[in-house]
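Below is one structure; the comments refer to it alone.
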Amino acid sequence: MTYELYYWDGIQGRGEFVRLALEDAGASYVDVTREPGRGTGEMMKLMASTTEAYIPFAPPFLKDGDQIISHVANILCYLGPKLGLAPNDEALRWFSNGLQLTITDFIAEVHDTHHPIATSKYYEDQKQEAKARAAEFVTNRIPKFLGYFERVLAQNPDGNGHAIGNAVTYVDLSLFQVIEGLRYAFPKAMRHDEVRFPNLIRLHALVKSRPNIAAYLASPRRLAFNEDGIFRRYPELDIAP
C-alpha cells in the first residue's frame, strides 16, 4: 500500500525526517501537497474536518490506509518496524523513540533562533531578539545536544557507528538531517564545533553514502534548504562560539 505524507510544499521542514525514512526504505509514498490536483488544499481540508474522528493538529502527518498518524517522532515510531528501520528489541525501540523525541526538542530550538517571539510575526519583526536567542543557541545549545548524541554513538554497546543496535535506524537518518541543517543554517559555528563530534560526522557520511539516500539527495524530490523552512541561513545569527 502507498503511504500518503502530508506536509507543506516548498520546504523540507519537519516532513523531511519522515521522507528520509521512506526514501531509505524504498517505500511507496506520495507527497500529497506536491501532487497535481491535490495540493495543500487537501491537507488543510483534512485538518479542518468536522466529521473525521481522528484529525491531526498540524503537519506532518501520515495516512496508512484509514490510519492517520501525526507528529514526527510518533510517525517514525510507527513506521520504523514496518520499514526495517527500528530495532527488534522492545527496550531499544523505546530508547529509539526517546532519542527521536530529543531531536524534536532540538528542532524546536532551531526554529526559535529565527522566531523567538511569535511564529505569526516575520523574522524582520524580531531580529534583535533572534540575535540574542541564536547566540545562546550557538554557544550553549548546539554543544549540549550534539554532545549528548555524540555520547550515545560512542556508548552504543554494538560499537559500530550507529545510534542504536547494529544497523541503521530512523534515528541515524534524523541525525544526518540535523547535521545537514545545522551546516546550512550555522556554517561558521559548525566549522568551529564539528571537530568535537567525530562520531556524528562519521554517521552523517555513512548515511549520505547509502544508495537510496544518495539517489534521493540527487533527485528533485529533495528540496533545497531555504529561508522559509526550519533551518534558515541568516548570516547575522551565525557566530563562532
### Message
If you compare all heavy atoms of Pro87 against all heavy atoms of Arg93, which two are closest, and at what distance to 0.1 Å?
### Response
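For Pro87 and Arg93, the tightest heavy-atom pair comes out as O-CG, 2.9 Å.
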
#### Entry: For the student: nearest non-hydrogen atoms of Ala167 and Asn160, plus distance
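Result for this residue pair: N-ND2, 4.3 Å.
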
### Query
Checking salt bridge (Lys or Arg N to Asp or Glu O under 4.0 Å) for the pair Glu129/Lys121: CA distance, chi angles, key distance, verdict?
CA-CA 12 Å; Glu129 295 88 350; Lys121 296 180 182 294; over 6 Å; no

### Task
Would you check, one step at a time, whether the test salt bridge (Lys or Arg N to Asp or Glu O under 4.0 Å) holds for Glu42 with Lys45?
CA-CA 5 Å; Glu42 181 174 330; Lys45 182 179 179 181; over 6 Å; no

### Query
Between the side chains of Tyr54 and Gln67, is a donor N or O closer than 3.5 angstrom to an acceptor N or O?
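Per modelled atom types, Tyr54 and Gln67 side chains form no pair under 3.5 Å.
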
Under 3.5 Å, is there a donor-acceptor pair between the side chain of [X] and the main chain of [Y]?
X      : Y      : result
Asn226 : Gly10  : yes
Asn156 : His162 : yes
Thr113 : Val110 : yes
Asn97  : Asn74  : no
Arg196 : Leu146 : no
Thr139 : Glu136 : no
Asp31  : Arg34  : no

### Query
To the nearest 0.5 Å, what is the distance between CD (Gln126) and CD (Glu124)?
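Atom-to-atom, Gln126:CD and Glu124:CD are 9.0 Å apart.
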
### Message
As an exercise, state the distance from CD1 of Ile69 to OH of Tyr78, rounded to the nearest 0.5 Å.
### Response
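Reported value, rounded in 0.5 Å steps: 4.5 Å.
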
Salt-bridge test for [X] and [Y]: reply yes if a basic N is under 4.0 Å from a carboxylate O, no otherwise.
X      : Y      : value
Glu23  : Arg221 : yes
Arg222 : Glu180 : yes
Arg133 : Glu109 : no

### Task
Kindly assign one of parallel, tilted or perpendicular to the pair His111 and His114, based on the angle between their ring planes and the thresholds 30° and 60°.
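Plane angle over 60°, so perpendicular.
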
### Query
When the ring planes of Phe225 and Tyr184 are compared, do they come out parallel, tilted or perpendicular, using 30° and 60° as the limits?
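Rings of Phe225 and Tyr184: parallel, under 30°.
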
Do [X] and [Y] make a side-chain contact, defined as non-hydrogen atoms from C-beta onward lying under 4.5 Å apart?
X      : Y      : result
Phe57  : His71  : no
Leu153 : Phe197 : no
Arg233 : Pro187 : yes
Phe145 : Ile107 : no
Pro60  : Val72  : yes

Taking a hydrophobic cluster as the set of Ile, Leu, Val, Met, Phe, Trp and Tyr residues connected by side-chain heavy atoms closer than 4.5 Å, whether directly or through intermediates, do [X] and [Y] fall within one such cluster?
X      : Y      : answer
Tyr7   : Phe231 : no
Leu76  : Trp94  : no
Leu5   : Val32  : no
Ile201 : Leu99  : yes
Leu85  : Leu217 : yes

### Query
Yes or no on side chain to side chain contact (heavy atoms under 4.5 Å, CB included) for Tyr170 and Leu79, after CA distance, side-chain angles and deciding distance?
CA-CA 9 Å; Tyr170 62 81; Leu79 282 177; over 6 Å; no

### Residues, nucleotides or ligands: over 12 heavy atoms within 6.0 Å of Asn88 CG
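No, because the 6.0 Å sphere around CG of Asn88 holds 12 heavy atoms or fewer from other groups.
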
### Query
Are more than 12 heavy atoms from other residues, nucleotides or ligands located less than 6.0 Å from atom NE2 of His204?
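Atom NE2 in His204 is crowded, with more than 12 foreign heavy atoms closer than 6.0 Å.
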
### Query
Can you list every pair that meets salt bridge (Lys or Arg N to Asp or Glu O under 4.0 Å) and has a residue in residues 47-69, with sequence neighbours left out?
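Matches after skipping sequence neighbours: none remain.
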
### Task
Kindly state whether the ring of Phe106 and the ring of Phe137 have centres lying under 6.0 angstrom apart.
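Judged by ring-centre distance (under 6.0 Å), Phe106 and Phe137 do meet the cut-off.
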
